[in-house]
Amino acid sequence: MMIPLLLLCIPLASAIVIWSFPAAFTGIFSKLFAGTQIISLLVIYVLHFYASTTTELQYDMMWFNAMGLHVSLLLSPLSMLFIILTSLVGSIIVLSIPATTSKHVYALVFFMLFALQGVFLAQDGLLFYIFWELALLPIYFIGLVWSDATRATLLKFFVYTVLGSLSMLLGLIYVYLHTDVAGAHAWNYNAMIQAAQALQPQQQYFVFWSIFLAFAIKLPLFPFHSWQPATYVEMPYYGTMLLSGIMLKMGVFGIIHWLFAMVPAAIPSVQQPVLILALIGILYASIIAIQQRDYKRLIAYASMAHVGVIVCGLFSAHVQGIQGALFQSVSHGLTVVGLLLVCDILEHRFGSQTISNLGGIRNTHPWFAVLFLCITMGAVALPLTSSFIGEFLIFNGLFSYSPLIMGLAGISVILGAVYMLRSYQGIMLGQHTANTTATIPKGHYILLTVVMALIILLGLFPKPINDLAASAATTLVHTLKPGI
Amino acid sequence: MNLLGYSLHQWVFGVLSFITIVFALMVVFSRNPVNSVLYLVLTFFGIAGHYLLLNAQFLAIVHIAVYAGAIMVLFLFVIMLMNLNADDEPQKTMSSKIIAGVLGGLLLFVIVGVLRQTAQILPQTQGAADIGLVKTLGMVLFNEFLFPFEIISILLLAALVGAIMIGKRETTESKL
Amino acid sequence: MIALFIIIGNGLLALLAEIFKFQKFIFNITFVLLLAALASNYWAWQHPQAFAPFSNMICFNMLELVLSSLLIAATILWLFIQRASHNHQTFGTDLSSLILFALAGGLLLTAFQNLTTLFIGVELLSIPLYVLAASHKNSADSHEAGFKYLILGAFASALLLFGIALLYGGAASFDINAIQAYLNAQANLPAFVKMGMLLLLIAFCFKVAIAPFHFWSPDVYEGAPMAITAFMSTVAKTASFYAFFKITMVCFNAPHTFWISMLMAFAVLSLILANTSALGQKHLKRLFAYSGISHSAFLLLIIIAQQKQALSVNALIMYTASYMLSGLGAFAILVKHGDVISDYAGFAKRNPTSAFSFSVCLLSMAGIPITAGFFSKYMVFVLLLSSSVSIWVSVIAIVAALIGIYYYIRLITQLYSKTAEEPQGPIQTDNNWIALLCAIALLVIGFFPQSLGGIFTF
Amino acid sequence: MSLGIAAYSTWWERKFAALLQDRWGPSRAGWFGLLQPVADGGKMLFKEEIIPNVANKFLFVLAPALFIITAIVAGVLIPWAPGLKAGSHWYVLQVTDVNVGVLFLLGVTSVGVYGIMIGGWASNNKYSLLGALRASAQMISYELAMGIALIALIISSGGSLSFSEIVAGQNEGVANIVWQPLGFIIFFICALAETNRAPFDLAECETELVGGYHTEYSSFKLGLFLFAEYINMFVSSAVMAGFYFGGYNFPFAQEFYAAMGWHYGDWQISLIGFGAYFTKTLIFITLFMWIRWSIPRFRYDQLMNLGWRTLLPLSLLNLALTVGIEYLRGHLHL
């Protein structure tokens, strides 16, 4: 009963406390609350195995009677997976924010974690939408007030995202109006799924595309990606971490939890176009990433490519593919946060994030080089890293759909290796060109170590996450099967 | 009394309407504002004539006394005091005239087209013979329509206060 | 009913203030009496009685009580905005009485049961505003605003009258229930009655500034003194809309709904025109004028959807409440800081609290959760999609909302932008508590949408 | 008839003025100068017509005609005498009876302003314009007080708006002046102003404006203007006599008729009634003239102040009083 609510309340309370106390307390509080986040995650992870009935993982309260709107939360395995991601990555992000930053930033980040967990827990259509939109505001304000992002970039980011959300709202309302619970419309997840599944094929396509647009923009999928690189580059790196580490996954979650569940019958016929879009995105992003000289921009395109692979996994509509996509979501969250941490160190300690300006850092900072290498390997999906398991499963699933597409998507692994290793080479090896006297703070070392440890740990011992992913994927494919 | 198939009443109505409309048009087309006002007075007389046709003598007289007799005199007064001439009037461009003409014509066309159909429809209420009498009017006004009648006094008061507000000199100006 | 009398009496009292020299207290008196009016509305809500006074000319039922309370509450907020504006050194007696009369007109517009009352309400609301729009003595713009408003308002009134006359020709009554009974009884409406209905609706489109009858609104808003613009764009527009809603929902509803297609065309046109025009505006007043047109169009969509009464009514209450709150909040800022957009660059550095309030108001206008504006837009969409209206109207509305979000967010971006020059002087802690109050109210309504959006369950 | 009366009013005016100023007045043409008006009229007719070049020709010609028409039309309402019965048919000794006669009177007088205004404006002469403006402002200002005084009169006289009924209503009871003394005074002053008579003749005051609104007029048109003024005076006198002083009734008329054995409809009653009415009217005309030659002209701001600040509140007070009294009368059956 209280578990999902607790998950929501902890970050929200953290945000409020940090915001209302003087700035002097911010440092302590943020560490404290990040710790609370992790501990509560562990507690809840354990609890969720021992929850005797599902009602203990549910929360339901009437909110807006006139519109049939509830505050309805459910901690399903799928949610658990994404909650783990949010809490882990979120805590890392909070801990990585420099202590000199305004307390408002901390508050906003915690608020964003609140909204993100809300997205992953919401079991009510409109509540999902509200959290979805709420997650946008903090990151927008962070970019607006505490970054060098130009107004044009932020506007583009915001308007693009909202375009998607509004279109999703249209689709959700459309489904809502077809629900019928005791003579009234309801936003309830099950009711909406039922209603949507009963729609005519034509209506299902409409619902699919209108909702998919939101997810496609968020991910971002190929033709809707133009907001992404500039936003990633211009945001402060913790903003970028939030965007790529967690926010992206809202799209993945949405596709699985809402889209697949609502319109399974429409999936087979949209599978191909989406896969093709994803493929184009993968290749396009990889090729552009190879040419990047700016490391952060490179990460942006790399992230796009990786997300493309995840989407491929999802739309393979195969148990393993979906399972892999879910696993890869967590894994990608970790690697991208690691890479961005490195990027932050490069920019603020070594003075540049342009690859050609750097070089030979390995000689002065060997431990940093090791950590960086491990994370890079994670990004390239080498065996023993978490990404390997994810990508392996994805390609497995994809192969069962179409070997050709799998082959094309497989190119991305090679291209990924090319740009990742080349950039590593450029930055860490070779001549001394960078600022060698730079010191890397202990905190960053610890965080990088933790990220590296997690990446390798998941590569060696994927069971906790994989079980969750597998159970989610199986239930999902079970619903998808009649359609496929 | 029939003439060409129309009753006298209809003839009077037709002639009055024609006159009224012609004068109303003259109000708009006349260059000289004084002439406009005078044509407007004549238009009011035409409308008062219509009231008489409807057996509403009270309204007819009040219409003349108030509109023609008081309000239009004030208009004339102001125009004469300000010495407005035809030259002061800004000239519209030809295109705006054409557009206005076309749009107005369309509206007229629609209204005429719609109202042509009403010829076949008998009026729903035949006005009582004493409908225009002061007494009848008073009874209606102070029973059924008491509320609007009273609220109109507030409306007039508001207009009055507004007129004074516009008209009065700003206190800060007098200090300068 | 009592509230109406209190307000009118208050207006008269304000006039007496000049004679008996208690101008100093008129603000306080007005404030207290308006609160009393609210209280009397609450009392009437608690003690519903089923009688229509004055031969059914006016009627304060549940809905009317709620709507009129919204208007009164907005006027109370507005009083503080007016006091904060440095336009007038004192709270002028003429100004306050005119505003109170206009408010009384607004109340009539919510409570009318008869087209005569409706017409008088429209006039009582408009005439004070014609004057007030022109009340900035030294400004030619203000005069132009007043004049334009007067001419076009008179035109709208003429259409309204013509429409009423034609309707009377058919129904032989001014009573809206009688007219409805007549319309229900008729299988085929005579063309002139249809014409009357359309003219009536067009007149209302004028009053609430729906394209293509919206041309006056940006000019009038721009020319009128700031506080007056605030009143016009919130209370006056909302009141007109209540009448619009009532006429369409009580009087013109089924079976003859031929007019919906016309309103739909107007709404779509407004959505497109207003939002595209708002994009290039340099002045906030003009921006808000266009955004107001777009909001009118959204409100119009409620009418077009013609859905279940409770939902429409709740949506109307929700939408107008959030619209008035956000508008008043925004104007509370504008009154102090002017309306040139470029002046607001880096505003957040100078006035963090004001910037926060302003942003919340703008977010609410844009319809971002978790402000009240979100739920109002959302309810409109629900209504629209659950109606038989083509889905393309919804799509256009979505696109329009998106464009709206674009310019609101651009404004917020401007507020928080990093200007080249450092903020002048220390951080001001200006007590713009009206704006803050509006912002907090918007958030609270957003958190508890049931409070306004669930009043009626028919 | 109005024309005739008006013509001889001029004669009487001059005679009366002469009397007051201790001189002869017109005495050459005819007995006591009785043919003088005819001579004047002829003179007017045969004089050269001058229409100024700068004038608006049409309006210039229209104005005097309009003025005199409205003046004459106002006279049609006056019920000169009790009706005459011939056989079974009643002949009403009134040109026409309108059931909203009082309003008609007000309406016609208010339209009468146009004659002056147009005349003054069309002359294109600043004296004329000023005169016209003064006249119209004055008429509008005083019309208000006059109208309100009349409302009070109508209330107290039984609620009819018809002229003949108002006059007939004073058959049995006392004349309205008893109930409406204040109203009469207001009405009288307003009537003076409405007819542009001294002391309110600022529209044509020679010392300031040469000739006022008719400065540019000559010959017959001037004649029409002057004539119309006298008709106005005559009509307003008749109206006052009818409204406030019982018209064709006189004290103890009923008893007198009964004593003589006459019934309404007999020619004797009509004749005597006419005589009574006419006498009253003449008395008022004389009063007008008396005032003209006794009281100096107002200043214009005084005139406006008197109208707006004295007469209007007074008339409102009168109205309130009347309503109160009538209410008491109705409830206490007095």
Side-chain angles (χ1 to χ4, degrees), chain B residues 24 50 54 90 99-100 103-104 106-128 131 139-176, chain C residues 4 8 11-12 14-15 53-58 89 92-95 97-98 100-102 104-105 108 112-121 123-132 134-135 137-138 143 146 162 166 168-174 182 190-196 198-199:
Chain B
H50 280 109
L54 292 168
I99 292 170
L103 288 180
L106 275 177
L107 183 65
L108 183 73
F109 179 74
V110 171
I111 292 177
V112 167
V114 161
L115 293 184
R116 261 176 64 86
Q117 296 189 12
T118 59
Q120 293 114 34
I121 296 158
L122 283 173
Q124 300 260 339
T125 44
Q126 209 73 44
I131 196 158
M139 291 313 264
V140 175
L141 215 51
F142 285 98
N143 284 317
E144 197 186 339
F145 289 89
L146 176 66
F147 183 75
F149 181 79
E150 294 296 339
I151 289 294
I152 279 182
S153 65
I154 299 295
L155 177 62
L156 290 178
L157 183 65
L160 206 64
V161 173
I164 291 169
M165 191 172 171
I166 294 256
K168 85 175 173 198
R169 211 168 274 132
E170 197 90 317
T171 43
T172 47
E173 278 178 358
S174 58
K175 281 179 195 156
L176 291 174
Chain C
L4 180 64
I8 289 175
L12 297 175
L15 286 179
F54 301 115
S55 346
N56 201 19
M57 282 290 158
I58 187 166
Q89 53 279 67
T93 53
D94 39 11
L95 177 105
S97 68
L98 282 180
L100 287 166
F101 289 146
L108 285 184
F112 73 96
Q113 286 287 318
N114 195 294
L115 294 183
T116 44
T117 327
L118 167 71
F119 181 71
I120 293 169
E123 290 300 299
L124 191 53
L125 178 67
S126 311
I127 286 179
L129 291 180
Y130 301 150
V131 175
L132 290 174
S135 66
K137 286 283 167 52
N138 300 327
H143 292 193
F162 198 16
L166 290 177
Y168 183 83
S173 172
F174 290 124
Y182 164 80
F192 73 97
V193 174
K194 284 185 181 175
M195 183 86 191
L198 292 184
L199 283 175

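Chain A is the first sequence line, chain B the second, and so forth, proteins listed ahead of strands; every chain is numbered from 1.
Considering every non-hydrogen atom in both C:Ile127 and B:Ala159, the closest pair reads CG2-CA, 3.9 Å. Considering every non-hydrogen atom in both B:Ala158 and C:Leu124, the closest pair reads CB-CD1, 4.3 Å.
Interface summary for chain B: among C:Val131, C:Asn114, C:Leu132, C:Leu12, the most heavy-atom pairs under 4.5 angstrom belong to C:Val131.
Of the listed residues (C:Ile120, C:Leu108, C:Thr116), just one forms a side-chain contact (heavy atoms from CB on, under 4.5 Å) with B:Phe147, and that residue is C:Leu108.
Rounded to the nearest 0.5 angstrom, B:Ile152 CD1 and C:Phe119 CZ are separated by 8.5 Å. Within the model, atoms CG of B:Leu156 and CD of C:Glu123 stand 11.0 Å from one another, a figure rounded to the nearest 0.5 Å.
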Subject >> Stepwise side chain to side chain contact (heavy atoms under 4.5 Å, CB included) check, C:Asp94 with B:Ile164 >> reply: CA-CA 9 Å; C:Asp94 39 11; B:Ile164 291 169; over 6 Å; no
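With sequence neighbours excluded, no residue forms a side-chain hydrogen bond (donor to acceptor under 3.5 Å, both in side chains) with B:Glu144. For C:Ser126, the side-chain hydrogen bond (donor to acceptor under 3.5 Å, both in side chains) test picks out C:Lys207, with sequence neighbours left out.
Proximity to chain B is absent for every atom of C:Phe112, based on heavy atoms less than 4.5 angstrom apart. Heavy atoms of C:Leu166 lying under 4.5 Å from chain B belong exclusively to its side chain.
Side-chain contact between B:Ile151 and C:Ile8: present, with at least one pair of heavy atoms (C-beta onward) separated by less than 4.5 Å.
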